[in-house]
Amino acid sequence: MTSKEIINNLDKIDITEPVPANEPERQYYFIKKAKEIYKLKREEAGRDLTCTIKTFGCQMNVRDSEKLAGILETIGYKRSDSEEADFVIYNTCTVRENANRKVYGHLGIMKHEKESNPHMMIALCGCMMQEPQVVQTISEKYKFVDIVFGTHNVYKLAELYCNSFHAKGTVIDIWKDTNLIVEDLPTTRDSSFKSGVNIMFGCNNFCTYCIVPYVRGRERSREPEDIINEIKRLADDGVVEIMLLGQNVNSYGKGLKENITFAQLLKRVTEIDKIKRVRFMTSHPKDLSDELIEVMASSDKVCRHLHLPVQSGSSRILKQMNRSYTREQYLTLVDKIRNRIPDIALTTDIIVGFPGETEEDFNDTMDMVEQVRYDAAFTFIYSKRTGTPAAAMTDTNDKAVINERYQRLIKRVQEISAEKIKGLTGQVLPVLVEGKSEENGSLLTGRLSNNTLVHFVGCESLIGKIIDVKLVESKGFYYMGEAVI
Ligand code: 5AD
Ligand code: SF4
């Protein structure tokens with residue numbers, strides 16, 4: 001169902017009837033009830049009420065926030081960018097410690113904000129809320145928070161909103177895990193022409209440094225029909241670029257009735273006429289199949305970009321990380337991909353300072369960067385996450401040494417990235433025009449299939465279209481171009 005169809009169907013729901021037990025009917029019921037509560041609050045305030053969602057972390061959270069926005073707008077809230085809104089949601093991340101610190105920083109400010117706005121509600125959700133010690137801190141020190149929920153019950157926002165209206169104190173609803181996937185709830189997209197689409201949730205890989213499997217639960221895939229139908233609806237609504245989202249898309253399909261691989265799903269997505277570009281995120285090197293490389297190579301709708309997190313260039317550290325591949329296997333995979341798809345851009349994630357990482361291990365990482373020559377790399381300093389196996393490993397790493405290594409890595413990554421980007425100078429390539437440039441409002445900005453940013457002069461009516469642009473001058477991590485129309 002489209003968001004519009006869902007909203008039209010709300011008229012038929014009778015909230016004097018008992019609460020439906022099944023989803024999504026239960027949530028339609030609560031959305032209708034929440035609309036009544038919103039009306040009361042609106043009358044009391046004498047004005048429309050506003051909402052804002054602050055999203056931390058990855059594309060998964062960005063997509064979850066679009067779902068939250070869809071529910072809030074259906075209830076009646078008007079979107080705002082300000083944290084002075086009447087309903088503020090923080091969709092949190094906990095992959096590294098500084099993500100947590102940021103949220104507590106915001107909450108410190110919000111306490112005063114809430115004291116001056118009697119209509120204000122604050123909700124916290126997302127990965128950080130799946131950690132019991134965080135929820136305990138919130139309930140002890142941040143009692144002004146109205147609703148706390150996690151990653152598994154984002155779809156329940158309307159129900160929690162209704163509960164909060166009748167409750168005294170914070171409504172807390174955290175599930176340890178779930179095998180439920182609730183379809184057909186309203187969503188408000190941030191963009192009119194591109195969209196993320198979840199294909200699976202959770203992660204079973206248990207890399208030893210990573211908290212994601214603990215906060216996002218076990219892997220579960222959406223039914224292919226649900227995914228394809230959602231994408232067809234998006235295409236009918238003007239979307240041309242799809243980003244298929246999963247913690248490890250390569251294990252898509254496990255546990256489904258239909259025997260289907262990620263490569264087969266990807267192929268089906270490319271067969272949807274109005275979809276012009278397909279990306280996906282993230283692909284684990286341990287199970288990237290030849291079949292996937294073939295599907296990528298044989299459709300020019302699949303973007304020439306692969307994010308292939310390496311994490312470390314040292315086989316010893318990779319073993320400690322439980323990544324299930326050696327540096328040699330990774331390099332062989334890179335060769336195979338580049339041989340079949342020569343124009344592909346490869347990007348990666350790298351962690352510096354994993355417990356016990358020696359200078360020799362780090363040099364292996366530097367060497368990996370030299371050999372692969374990534375088009376871009378996201379670099380992170382290892383952050384200890386309570387409850388993960390790595391947190392229990394002996395860590396004698398010196399902060400200053402790690403910082404120095406980190407700087408060395410960034411410098412080299414950036415140099416290589418700039419050299420690689422330069423290589424396209426003079427070519428005319430298709431660009432999906434994404435909007436006005438943030439730095440210079442008189443320019444438009446868009447992306448090549450390989451994800452490189454291009455700025456150029458053009459008319460705003462081009463936003464959302466794919467046009468040819470000549471790449472005139474490389475500026476480090478982006479291009480200045482000229483539209484060829
Ligand atoms: N410390 C530092 N970086 C981490 N990542 C995941 N967990 C940690 C951690 N504990 C990085 C990995 C992953 C990316 C999303 O975040 O590189 O690929
Ligand atoms: Fe974390 Fe590894 Fe799963 Fe990625 S594959 S989410 S790094 S456990």
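Ligands are counted one by one from 1 in listed order, and the atoms in each one are counted from 1 as well.
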Subject >> Nearest-contact summary for atom 7 (S) of ligand 2 - protein heavy atom, Å >> reply: Tyr209 OH, 3.4 Å
**OP:** Just jot down the ligand 2 atoms closer than 4.0 angstrom to any heavy atom of Cys203, in number order.
**Re:** 3 (Fe), 5 (S), 6 (S), 8 (S)
**OP:** List every atom of ligand 1 that sits less than 4.0 Å from any heavy atom of Gln311, numbering the atoms from 1 in the order shown and giving each element.
**Re:** 12 (C), 13 (C), 17 (O), 18 (O)
Subject >> Residues, nucleotides or ligands: over 12 heavy atoms within 6.0 Å of Asn259 CG >> reply: no
Original post:
Closest non-hydrogen protein atom to atom 6 (C) of ligand 1, residue and atom name please, with distance?
Top reply: Val95 CG2, 3.4 Å
Original post:
Any idea which part of Arg323 is under 4.0 Å from ligand 2, heavy-atom wise: side chain, backbone, both or neither?
Top reply: side chain
**OP:** For atom 9 (C) of ligand 1, state which one of Ala99, Ser383, Cys93 supplies the nearest heavy atom.
**Re:** Ser383
Original post:
Can Glu230 and Arg63 be counted as an ion pair, charged N to O under 4.0 angstrom?
Top reply: yes
Original post:
Does at least one non-hydrogen atom of Ile211 fall below 4.0 angstrom from an atom of ligand 1?
Top reply: no
Subject >> Ion pair Lys257/Glu225, N-O distance below 4.0 Å >> reply: no
Subject >> Ionic contact status for Lys399 with Glu404, cut-off 4.0 Å >> reply: no
Original post:
Using a distance-only test with no angle check, is there a side-chain donor-acceptor pair under 3.5 angstrom linking His307 and Asp349?
Top reply: yes
Original post:
Of all the atoms in ligand 2, which lie at a distance below 4.0 Å from a heavy atom belonging to Gln247?
Top reply: 6 (S)
**OP:** Answer yes when Glu23 and Lys156 have at least one side-chain N-carboxylate O distance shorter than 4.0 Å, and no when they do not.
**Re:** no
Original post:
If you measure only the distance, is there a donor-acceptor pair under 3.5 Å linking the side chains of Thr358 and Asp361?
Top reply: yes
Subject >> Ile351 neighbourhood, listing ligand 1 atoms whose heavy-atom distance to it stays under 4.0 Å >> reply: 3 (N), 4 (C), 5 (N), 12 (C), 17 (O)
**OP:** Tell me whether Cys207 has at least one N, O or S atom under 2.8 Å from atom 2 (Fe) of ligand 2.
**Re:** yes
Original post:
Are Asp290 and Lys336 ion-paired here, with the side-chain N under 4.0 Å from a carboxylate O?
Top reply: yes
**OP:** For ligand 1, indicate whether the residue Thr388 contacts it via side chain, backbone, both or neither (heavy-atom separation under 4.0 Å).
**Re:** neither
**OP:** Might you check, step by step, whether the distance between atom 4 (Fe) of ligand 2 and some protein heavy atom is under 4.0 Å?
**Re:** no
Original post:
Would you call Ile199 and Ser221 a side-chain contact if the rule is heavy atoms closer than 4.5 Å?
Top reply: no
Original post:
Is it true that some N/O/S atom of Cys210, main chain or side chain, lies under 2.8 Å from atom 1 (Fe) of ligand 2?
Top reply: yes
Subject >> ligand 2 atoms in contact with Asn205 (distance to a heavy atom under 4.0 Å) >> reply: 5 (S)
**OP:** For Pro213, take its heavy atoms, then give the atoms of ligand 2 lying under 4.0 Å from any of them.
**Re:** 8 (S)
**OP:** Heavy-atom contacts with Tyr382 under 4.0 Å: which atoms of ligand 1 show up? List them by number with element.
**Re:** 1 (N), 2 (C)
Original post:
Considering only the protein, which heavy-atom contact is closest to atom 7 (N) of ligand 1, and what is its distance?
Top reply: Tyr209 CD1, 3.3 Å
**OP:** Considering only non-hydrogen protein atoms, determine which one is nearest to atom 15 (C) of ligand 1 and report residue, atom name and distance to 0.1 Å.
**Re:** Asp349 OD2, 3.8 Å
Subject >> Tyr479 ring center within less than 6.0 Å of His455 ring center >> reply: no
Original post:
What is the closest protein heavy atom to atom 5 (N) of ligand 1, and at what distance does it sit?
Top reply: Arg96 NH1, 3.5 Å
**OP:** Assert yes or no for the condition that the ring centre distance of Phe280 to His305 is strictly below 6.0 Å.
**Re:** no
Original post:
Glu241 and salt bridge (charged side-chain N to carboxylate O under 4.0 Å, His left out): which partner among Arg279, Arg447, Lys301?
Top reply: Arg279
